[in-house]
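Here's the structure we're looking at; comments come further down.
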Amino acid sequence: MVLHHEVLVIGGGNAGVSLAAPLLRDGAEDVAVVESQSVHRYRPLLNYVGSGEASMSSLERPAAKVMPEGATWIEDQVVGVDPAGPSVRLASGREVGCTTLVVCPGLEEDWDATPGLREAQEAGWAGSTFVIETAPVVWPALRHLRAGRVVFTVPPEPAPCGATALKPLFMACDHWRRQGVLGDIEVHLVLPGPTPLGLAGPDERLEQVLASYGVRVLREGRVTGLADRRVTVTTPAGEVELDDVTYAHVVPHYRAPRWVTESDLEGAGDAGLVDVDPQTMRHRRHPSVWSLGDVADLRTRPSGGGLRKQVEVLSHNITTAGSEPPQHYDGYTVMPITTSRRRLMLVEVDRDGRPAPTVPFPDLTKPRVMTWYADRYGLPLTYFTRILRGKV
């Protein structure tokens, strides 16, 4: 017998849990969440773990503790989707049908896109704050450096708030400067584009920060190989070989889970993102399917702040079921970037890159201690007490 739920949410991360709660409050009587992991993580804190300012235990909670009251938790893994049903096939062999399907499993590391990265991580000279397994070992590898060559990267889109890959770079540089050794460390940054963000005002400030730390920037670059402490970077001007690398903080590329592509959910891009209307978040070909979060092709940079806007719109659009005009998501996203160990700039823009500040003043793109404090301490508390309950 095929199980059936009114609303079935694939993914028990920020997107799935914070959506399930308002769906239940807005009138959905039967909401189930498919999630195989028993531990729920507030992933933005991983950058602070990799910079010595947080522990793994501070960002982890049992998944059972964060599931909304009234939601059914299906502790299993999705291996296939029939969007016409709609229904999902689970690793256990079960099939679950539903009236409405929401796809939000997040993105997966695309290890094949960066040859040698996994091997370099296993050898201990590479790692990333974006990867659960390596985030705790980044800071021990960086904090005691006194000389050498270090490489950092910003991943190309799509990525889970890719701009925050600048956080471990700037926090490490600030630490080395305080220790008096920054001048003896050759720091390289590989950017996927010509500028850090592609946004004129914030980029000007970030370029000043990069220059102040003496960071050597490889623009429009892509790491195409790691081997024997050598990092190969391909740029429009040709290949650059960085030899004798002491440590490489290389963020992997990302893509949607393979079953998204295999289930006729993806759009035209190479990353296999779910093909939705970026304003309503409804699938373009399958009207009973919706998507939000990192895996959805919403034509904006994924972020937790953007997700909160998406949840509000999507809960309304699903529960009103056409009885009211759909609400629209304007692509709002936010990029919190530490420029030192105690200062952070907050960049908020809409889908077209226009400034979309949540407060009229002060200018939060100027690095401040108060925004660092909010990002490091205020948001994690708000996340577990309110965001996951769909109350922010």
Side-chain angles (χ1 to χ4, degrees), residues 4-11 13-34 68 70-71 81-88 97-106 158 256 260 263-269 272-334 348-354 356 358 386-392:
H4 190 277
H5 293 277
E6 179 185 348
V7 181
L8 184 62
V9 180
I10 301 176
N14 185 353
V17 173
S18 60
L19 175 67
L23 281 174
L24 289 163
R25 284 199 304 272
D26 290 347
E29 296 180 355
D30 177 18
V31 177
V33 179
V34 183
V81 171
D82 174 11
S87 64
V88 303
C98 58
T99 304
T100 299
L101 178 65
V102 182
V103 181
C104 51
V260 172
S263 302
D264 189 40
L265 293 173
E266 88 288 2
L273 300 184
V274 180
D275 188 18
V276 294
D277 180 317
Q279 294 185 318
T280 66
M281 290 173 277
R282 189 172 217 154
H283 200 279
R284 294 183 187 275
R285 300 186 299 279
H286 305 291
S288 296
V289 178
W290 308 73
S291 184
L292 77 164
D294 299 354
V295 79
D297 189 5
L298 298 174
R299 309 298 168 88
T300 192
R301 301 177 188 184
S303 73
L307 189 57
R308 293 194 289 275
K309 303 283 189 178
Q310 296 165 30
V311 164
E312 180 181 356
V313 171
L314 187 51
S315 180
H316 171 273
N317 289 350
I318 289 175
T319 56
T320 56
S323 63
E324 297 180 18
Q327 292 183 1
H328 288 172
Y329 167 54
D330 65 0
Y332 168 88
T333 193
V334 57
E348 300 171 282
V349 294
D350 65 11
R351 183 176 285 114
D352 298 318
R354 293 179 298 231
T358 52
R386 296 191 61 81
I387 292 174
L388 286 180
R389 299 177 183 178
K391 294 183 177 180
V392 174

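Bear in mind that the values here come from a model prediction, so they are computed numbers and not experimental data.
Considering V102, V17, L292, V34 as possible partners of V9, the one that fulfils the side-chain contact (heavy atoms from CB on, under 4.5 Å) test is V102.
Residues V33 and G11 approach most closely at CG1-O, 3.5 Å, considering heavy atoms. Residues A15 and C104 share a closest heavy-atom pair of CB-CB, 3.8 Å. Nearest approach of A256 to G272, heavy atoms of both residues: CB-O, 3.1 Å. Summarising the geometry of A71 relative to L24, their closest heavy-atom pair is N-CD1, 3.8 Å, with the distance given to 0.1 Å. Listed here is the closest heavy atom pair of S87 and G97: CB-CA, 3.8 Å.
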Contacts under 3.5 angstrom, residues 305-313 side chains, donor-acceptor by atom type, not counting sequence neighbours:
{"residue": "Q310", "atom": "OE1", "partner": "G293", "partner atom": "N", "Å": "2.8"}
{"residue": "Q310", "atom": "NE2", "partner": "Y329", "partner atom": "OH", "Å": "3.3"}

Let me have the donor-acceptor pairs involving side chains of residues 294-302, under 3.5 Å, with sequence neighbours excluded, atom names and distances please.
{"residue": "D297", "atom": "OD1", "partner": "R299", "partner atom": "NE", "Å": "3.1"}
{"residue": "D297", "atom": "OD2", "partner": "R299", "partner atom": "NE", "Å": "3.3"}
{"residue": "T300", "atom": "OG1", "partner": "G331", "partner atom": "O", "Å": "2.7"}
{"residue": "R301", "atom": "NH1", "partner": "L197", "partner atom": "O", "Å": "3.1"}
{"residue": "R301", "atom": "NH2", "partner": "L197", "partner atom": "O", "Å": "2.2"}

Listing, residues 320-328 side-chain donor-acceptor contacts under 3.5 Å, not counting sequence neighbours, or none:
{"residue": "T320", "atom": "OG1", "partner": "H316", "partner atom": "O", "Å": "2.7"}
{"residue": "S323", "atom": "OG", "partner": "T320", "partner atom": "O", "Å": "2.5"}
{"residue": "E324", "atom": "OE1", "partner": "H316", "partner atom": "NE2", "Å": "3.0"}

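Looking only at side-chain heavy atoms (C-beta outward), H283 and S291 stay at 4.5 Å or farther from each other. Using a 4.5 Å cut-off on side-chain heavy atoms (C-beta onward), V103 and V81 make no contact. Two residues are said to be in side-chain contact when any heavy atoms from C-beta on lie closer than 4.5 Å; S288 and L101 fail this criterion. Residues D264 and H286 have side chains in contact (heavy-atom distance under 4.5 Å, counting atoms from C-beta outward).
Residues passing the salt bridge (charged side-chain N to carboxylate O under 4.0 Å, His left out) test with D30, sequence neighbours excluded: none. For R25, there are no side-chain hydrogen bond (donor to acceptor under 3.5 Å, both in side chains) partners two or more places apart in sequence or in a different chain. Among residues two or more places apart in sequence or in another chain, the side-chain contact (heavy atoms from CB on, under 4.5 Å) test is passed with D330 by Y332.
Checked by atom type and distance alone, the side chain of T319 never pairs as donor or acceptor with a backbone atom of G27 at under 3.5 Å. Distance alone, capped at 3.5 Å, is enough to place a donor-acceptor pair between the R351 side chain and the P278 backbone.
Atom CG of residue D277 and atom CG of residue N317 lie 9.5 Å apart, to the nearest 0.5 angstrom. Annotation: the span from C98 atom SG to I10 atom CD1 amounts to 8.0 Å, rounded to 0.5 Å. Annotation: the span from R282 atom CZ to L314 atom CG amounts to 10.0 Å, rounded to 0.5 Å.
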